[in-house]
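The structure appears right after this line, and notes come after that.
Residue numbers begin at 1 in each chain, while the letters A, B, ... track the order of the sequences.
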Amino acid sequence: MSDDAASLELLRAPVGTHDLLPGASDRWVALLGLFANHAHLYGYGLIQTPLFEDVRLFKRGVGTETEVVGKEMYEFEDRGGRAMALRPEGTASVVRAFLQARPTPPFRAWYAAPIFRYERPQAGRYRQHHQVGIEVLGISDPDVDVEVLGLGIDYLTGLGLQGFTLRLNTLGDSACRPQYLEELRAYFHDHAPELCDEHAAKIDRNPLRILDCKTESCRAVSVGAPSMLDALCVDCGTHFERVKEGLDARGIAYFLDQRLVRGLDYYTRTAFEVTLDLGDGELTLLGGGRYDGLVEVLGGPSTPGIGFGSGIERVLLACDRQGVFAVPPRSPLAYVIDTTDGRAARDLVAELRAGGIATERAYGNRSMKSQFKTADRSGARFALVVGERELESGTVTIRDLRGDGEQLVVLRAEVLSFLSNRTITTPEGSS
RNA sequence: GUGGGUAUAGCUCAGCUGGUUAGAGCGCCUGGUUGUGGUCCAGGAGGUCGCGGGUUCGAACCCCGUUACUCACCCCA
């Protein structure tokens with residue numbers, strides 16, 4: 001394996017990663033803008049945390065037993081010998097930043113960030129994917145659960161998505177969950193022979209997982225398993241009731257799913273997912289929940305928290321399937337064609353851009369015909385022609401590329417004002 | 001980590017039971033129109049047939065390996 005030109009091999013983006021190219025990225029910009037608007041409506045400010053963190057943050061916060069941290073984390077040692085990891089989820093970093101800066105709670109933040117998990121890629125699943133999400137720290141009031149859910153639903157609805165399902169569950173807290181887990185273990189031990197091989201081994205370590213298993217055998221056993229709802233302590237019970245009431249009041253439909261178990265250890269009480277049935281499978285668009293113990297686990301004062309993350313790639317995949325959230329390509333208003341020596345184009349383009357007119361041009365003395373071709377392909381509304389005749393008369397020929405080729409000659413000095421007026425009076429869109 | 005499918009031009013693909021100069025559509029460039037795009041016509045550029053090895057007189061095609069892409073499982077966004 002040499003690196004010289006003789007054996008020059010094209011390098012590709014790493015497995016499970018993708019480039020986001022100009023054009024396709026317009027949709028991302030629009031999506032981020034939409035999410036930012038919703039976040040602002042609900043009182044959230046943008047937070048950015050490092051792409052990588054001390055690996056202990058995730059091991060401690062998310063849990064070593066979890067698939068995400070135990071098997072899928074990108075870990076590396078930096079040049080100073082420190083154990084680091086690319087973030088495999090968004091919440092731990094936000095909590096760490098909160099503890100480092102110590103703002104007065106409540107603390108509300110939204111983010112848009114790349115997430116890294118070392119797993120086999122497939123449709124809607126990548127080694128680097130991107131999530132938008134929010135976190136609220138310092139409020140235990142169940143009404144905030146409803147607000148968090150509301151923001152998530154508003155966002156998805158705002159994109160134009162329809163027919164998704166909000167799955168809701170409660171996982172109890174430190175007062176009632178341990179006892180429930182014991183009951184569950186006891187129950188599964190009694191039915192161990194009926195479970196699938198994989199889960200028979202998991203009874204002690206993570207009995208909740210079994211509730212989520214899709215195999216026939218586990219499913220059958222799960223039906224008769226004790227329910228978390230029956231085991232909730234009084235506080236968790238009233239909290240959950242108030243959350244449901246709030247959702248009803250907001251007119252947000254939900255589906256109680258007692259088998260809903262989140263993959264990260266820190267969740268307490270409210271847990272939720274928004275899924276979309278694609279016909280040939282189900283796609284999780286958004287997931288999250290309450291994590292009232294996480295701040296303490298990371299060494300901070302007892303502070304409740306709740307949040308969600310939503311995968312951008314998946315959400316856009318869902319939009320594709322539903323033929324929704326199509327973002328028209330952005331094109332310039334003007335395209336300058338110069339068949340003289342290019343100086344006129346150079347100066348005109350600069351003037352128009354300074355005047356706020358999106359403008360492109362051709363380079364390198366190509367024929368007028370070919371410059372018109374590129375002008376057309378750029379999607380520009382107007383072609384501005386500067387040739388010998390225009391130079392001599394101090395004019396610019398303006399051709400409407402979107403109509404039937406209407407053309408007029410304006411004074412060079414009036415081009416900017418002509419186009420400025422058109423920006424206001426002409427309806428947008430060029431597709 | 002496990003299993004399936006695929007790999008031929010910039011893109012989407014064809015290429016019969018192995019047969020010699022590897023094709024189409026779209027895109028790109030040039031010309032038809034020495035000042036005009038979006039339509040039409042003509043021409044042109046562009047390919048180590050993923051990579052390595054094997055079988056054969058002969059391999060894009062068959063066999064083995066390998067890499068990548070892709071889909072599914074696990075898990076998740």
Side-chain angles (χ1 to χ4, degrees), chain A residues 1 6-18 62 65-73 87-91 112-133 152 156 196-199 202 206 209 212-215 260-264 272-276 280-288 307-318 335 337-340 362 366-391 397-407 409 430:
Chain A
M1 281 292 166
S7 61
L8 216 165
E9 177 195 3
L10 283 183
L11 267 22
R12 303 180 51 94
V15 174
T17 68
H18 293 277
V62 182
E65 290 298 307
T66 62
E67 195 95 357
V68 165
V69 166
K71 297 177 58 182
E72 300 179 346
M73 200 155 55
R87 74 168 151 244
E89 61 95 48
T91 303
I115 303 286
F116 303 86
R117 291 179 196 168
Y118 192 89
E119 42 188 354
R120 285 283 287 270
Q122 109 195 27
R125 202 188 62 185
Y126 312 102
R127 287 189 175 174
Q128 175 178 343
H129 76 277
H130 302 77
Q131 293 185 11
V132 290
L156 296 175
C196 70
D197 296 346
E198 196 182 328
H199 284 110
K202 272 191 188 169
N206 195 352
R209 262 279 71 89
D212 201 31
C213 184
K214 282 141 197 127
T215 61
L260 174 65
V261 175
R262 306 280 311 147
L264 315 177
F272 54 86
E273 272 180 15
V274 175
T275 59
L276 181 66
D280 55 343
E282 206 173 60
L283 197 64
T284 301
L285 300 179
L286 181 153
F308 70 72
S310 174
I312 295 177
E313 288 87 352
R314 281 193 183 175
V315 163
L316 288 177
L317 182 65
Y335 193 101
I337 290 170
D338 181 345
T339 53
T340 60
R366 298 197 292 135
S367 71
M368 179 164 291
K369 178 190 174 104
S370 99
Q371 291 194 51
F372 258 102
K373 225 171 223 175
T374 32
D376 183 52
R377 265 186 257 120
S378 77
R381 172 71 198 275
F382 298 106
L384 311 187
V385 184
V386 183
E388 298 296 341
R389 295 208 292 263
E390 287 81 0
L391 267 195
T397 298
I398 300 184
R399 184 179 174 89
D400 187 342
L401 293 173
R402 302 226 306 114
D404 38 10
E406 198 185 333
Q407 205 163 291
V409 178
S430 55

With a 4.0 Å cut-off, would you call A:Glu273 and A:Arg262 a salt bridge?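 So A:Glu273 pairs with A:Arg262 through a salt bridge.
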[X] [atom1] - [N] [atom2] separation (whole Å):
| X | N | atom1 | atom2 | value |
| --- | --- | --- | --- | --- |
| A:Asp376 | B:G27 | CG | C1' | 14 Å |
| A:Leu11 | B:A68 | CG | C1' | 13 Å |
| A:His18 | B:A77 | NE2 | P | 18 Å |
| A:Leu384 | B:U36 | CG | C1' | 13 Å |

Listed nucleotide nearest any side-chain atom of [X], set [options]:
| X | options | value |
| --- | --- | --- |
| A:Thr397 | B:A77, B:G31, B:U36 | B:U36 |
| A:Gln122 | B:G35, B:A72, B:G37 | B:A72 |
| A:Glu390 | B:G35, B:U70, B:C69 | B:G35 |
| A:Arg389 | B:A77, B:G35, B:U36 | B:G35 |
| A:Gln407 | B:U36, B:A77, B:G35 | B:U36 |
| A:Thr284 | B:G35, B:C75, B:A77 | B:A77 |
| A:Leu264 | B:A77, B:G32, B:G35 | B:A77 |
| A:Arg399 | B:A77, B:A68, B:G38 | B:G38 |
| A:Leu401 | B:A77, B:G37, B:U30 | B:G37 |
| A:Met368 | B:U36, B:C75, B:C76 | B:U36 |

For [X], which contact category applies under a 4.0 Å heavy-atom criterion: base, sugar-phosphate, or nothing?
| X | result |
| --- | --- |
| A:Gly403 | base |
| A:Leu283 | nothing |
| A:Ile337 | nothing |
| A:Ser370 | sugar-phosphate |
| A:Lys369 | base |
| A:Gly133 | nothing |
| A:Gly405 | base |
| A:Val15 | sugar-phosphate |
| A:Gln128 | nothing |
| A:Tyr126 | base |
| A:Ala123 | sugar-phosphate |

When you check the phosphate oxygens OP1 and OP2 of B:C28, does a side-chain N or O of A:Arg377 lie under 4.0 Å from one of them?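 Yes, within the criterion.
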Under 4.0 angstrom between A:Arg262 side-chain N/O and B:A77 OP1 or OP2: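 Checking B:A77 against A:Arg262, a side-chain N or O does come within under 4.0 Å of OP1 or OP2.
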Could you grab the distance from atom CE of A:Met368 to atom CG of A:Asp338, nearest 0.5 Å is fine?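 Those atoms lie 8.5 Å apart.
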My understanding is that a pair needs two contacts under 3.5 Å, Watson-Crick or G-U wobble. By that rule, which nucleotide pairs with [N]?
| N | value |
| --- | --- |
| B:U21 | none |
| B:A9 | none |
| B:C16 | none |
| B:U34 | none |
| B:C62 | B:G54 |
| B:C73 | B:G1 |

Can you name the salt bridge (Lys or Arg N to Asp or Glu O under 4.0 Å) partners of A:Glu390, sequence neighbours left out?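 Applying salt bridge (Lys or Arg N to Asp or Glu O under 4.0 Å) to A:Glu390 gives none.
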Would you call A:Val315 and A:Ser310 a side-chain contact if the rule is heavy atoms closer than 4.5 Å?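 With C-beta onward as the side chain, the pair touches.
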Taking donor-acceptor contacts at under 3.5 Å, does the side chain of A:Glu72 reach the base of B:G1?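 For A:Glu72, whose side chain was compared with the base of B:G1, there is no donor-acceptor pair (under 3.5 Å).
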When you check the side-chain N and O atoms of A:Arg389 and A:Thr397, is any donor under 3.5 Å from an acceptor?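 Absent: no donor and acceptor within the cut-off.
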Donor-acceptor contact below 3.5 Å, side chain A:Glu313 vs main chain A:His130: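 It does hold such a pair.
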Quote, to the nearest angstrom, the P distance that separates B:U56 from B:G5.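 Each nucleotide's P atom is 28 Å from the other's.
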